[in-house]
Amino acid sequence: MIRIFSYLPNPRVWKALIAAELCGVDVEVIGDKPGALASWLWDFDARPLEEHERTEDSPFARTSRRGFSGTLYKTDEFIKAQPFGTVPAAFSSDGSIGIFESNSILRAVVRASDTDHGLYGREHFVASRIDSFLDATLVFAREAQVYLLAAAEMTDETYVRMSAAFEFYLNGIEQALSENSHIACDELTIADIALSCDVAQFLRERLMADRLAKNDFEPISRNLETDYPRVTGYLRRLAGSPVFKKYLAETIAQTLPEGP
Ligand SMILES: N[C@@H](CCC(=O)N[C@@H](CS)C(=O)NCC(=O)O)C(=O)O
């Protein structure tokens, strides 16, 4: 069993949940809405704090760093297991080992399975190729995180960085899809799972068009369908497939609707 603590829903957690369903691993998710997580004690045994426990002089009080503002409450044990203090935060079943970074949590899930799923490739070179895509996806997702959090206060610098990251990553993915039915090979792997969740999250910029327009910016992905037709078809296909559907169908229907 793997336990994950996070705000919910969170596309970074969907990665682990999709994999868990595909390869039969038990994943327990604990958490709350993004706004509510600041009133939780971040720990292996995470729990909502009572109001009187949420004080600036609490031994658990720490300044948030990314995606949150103000104070968060994290135990020393949490920081020992999760040195960057981020969510999603995963733990081995007894809580003794912390796993962070959603792509690594995804890897942990498939490694815990003893079924013949092929999700991490069927030989070590393919597994390493899958890692290559996971790394490239994280670089893209990190840029996307900064960009999406900036939305209404977008700067030229953030916009230009995101545009370059988008073009670099999408070109590579479009190219890979000209060779194989899936990203890393001709079989579904965790590279497809990570990519679809992170790109679906990025495409939410299309729903923020009004906020971007306030500073005269347009969604970076506005020409995705024409510039990256293979990626477009692949995302729609994945979002309609069993298991993925449950998590991705709504976001992809909103952001990548089929034409008339
Ligand atoms: N690349 C990481 C991103 C994790 C991350 O940055 N989480 C932020 C929330 S979006 C966080 O936990 N921040 C905690 C803090 O501000 O202290 C992943 O994929 O897991």
Side-chain angles (χ1 to χ4, degrees), residues 2-20 27 29-44 46 48-49 54 56 58-92 97-111 130-151 153 158 161-162 165-166 169 190-205 208 247-248 251:
I2 293 173
R3 178 180 293 184
I4 299 177
F5 169 62
S6 179
Y7 61 85
L8 303 168
N10 181 350
R12 297 187 180 99
V13 176
W14 297 348
K15 297 177 186 178
L17 294 178
I18 292 171
V27 172
V29 181
I30 302 175
D32 208 334
K33 294 177 200 67
L37 220 62
S39 351
W40 276 59
L41 182 63
W42 293 29
D43 188 54
F44 173 63
L49 289 166
R54 301 199 300 267
E56 284 302 319
S58 154
F60 307 126
R62 294 166 207 264
T63 307
S64 60
R65 299 233 180 114
R66 275 185 184 177
F68 286 90
S69 54
T71 301
L72 294 171
Y73 300 91
K74 305 177 185 178
T75 63
D76 289 348
E77 291 72 27
F78 182 83
I79 294 298
K80 214 178 280 176
Q82 310 284 342
F84 299 101
T86 52
V87 289
F91 299 88
S92 55
I97 300 176
I99 305 149
F100 41 92
E101 284 299 332
S102 54
N103 289 351
S104 291
I105 299 171
L106 170 61
R107 290 178 175 99
V109 170
V110 291
R111 284 186 178 124
I130 291 166
D131 285 337
S132 309
F133 281 105
L134 293 177
D135 286 356
T137 300
L138 173 59
V139 172
F140 169 77
R142 170 63 186 142
E143 257 350 297
Q145 181 185 33
V146 174
Y147 171 76
L148 292 171
L149 288 170
E153 285 91 39
T158 301
R161 280 192 64 124
M162 186 69 239
F166 175 79
Y169 181 68
I190 54 174
D192 301 290
I193 299 177
L195 179 153
S196 56
C197 293
D198 283 331
V199 175
Q201 173 70 353
F202 172 72
L203 290 179
R204 296 185 65 78
E205 64 141 13
M208 300 173 179
Y247 301 96
L248 293 179
T251 309

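Both ligands and their constituent atoms are indexed starting at 1 by order of listing. The chain is numbered in sequence order, starting from 1.
By the 30° and 60° cut-offs, the orientation of the rings of F91 relative to F44 is perpendicular. Taking the six-membered ring where the residue is Trp, F202 and Y147 present tilted rings, their angle falling between 30° and 60°.
Closest to atom 4 (C) of ligand 1 among all protein heavy atoms lies V87 O, 3.5 Å. Nearest protein heavy-atom contact of atom 11 (C) of ligand 1 is R66 O, 3.5 Å. Of all protein heavy atoms, the one lying nearest to atom 1 (N) of ligand 1 is E101 OE1, 2.8 Å.
Each of the atoms 9 (C), 13 (N), 14 (C) of ligand 1 lies under 4.0 Å from some heavy atom of F68. Counting the atoms of ligand 1 from 1 in the order shown, those under 4.0 Å from a heavy atom of P88 are 20 (O). Every atom of ligand 1 with a heavy atom of L138 under 4.0 Å away is listed here by number and element: 1 (N).
Considering backbone and side-chain N/O of R65, one or more are found under 3.5 Å from N/O of ligand 1. Geometrically, ligand 1 and Y7 share no nitrogen or oxygen pair separated by less than 3.5 Å. Residue-to-ligand polar distances keep S64 apart from ligand 1: every N/O pair is separated by 3.5 Å or more. Note: no N/O pair closer than 3.5 Å links T86 and ligand 1 by distance alone. Between T63 and ligand 1, no pair of N/O atoms sits closer than 3.5 Å.
Using a 4.0 angstrom heavy-atom cutoff, L149 does not count as in contact with ligand 1.
A salt bridge links R62 with D76; the closest basic N to acidic carboxylate O contact falls under 4.0 Å. Using a 4.0 Å cut-off between a side-chain N of Lys or Arg and a carboxylate O of Asp or Glu, R12 and D198 do not qualify as a salt bridge.
Residue K74 touches ligand 1 through its side chain alone, judged by heavy-atom distances below 4.0 Å. Contacts between Q145 and ligand 1 below 4.0 angstrom, taking non-hydrogen atoms only, involve the side chain exclusively. Under 4.0 Å from ligand 1, the heavy atoms of L72 that appear belong solely to its side chain.
Few gaps surround CG on L149; more than 12 heavy atoms of other groups in view lie less than 6.0 Å from it. In R65, the CZ atom is not crowded: 12 or fewer heavy atoms of neighbouring residues, nucleotides or ligands sit closer than 6.0 Å.
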List the steps, then state whether salt bridge (Lys or Arg N to Asp or Glu O under 4.0 Å) holds for K15 with D192. CA-CA 10 Å; K15 297 177 186 178; D192 301 290; over 6 Å; no

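Between the CG atom of L72 and the CH2 atom of W40 there is a distance of 13.5 Å, given to the nearest 0.5 Å.
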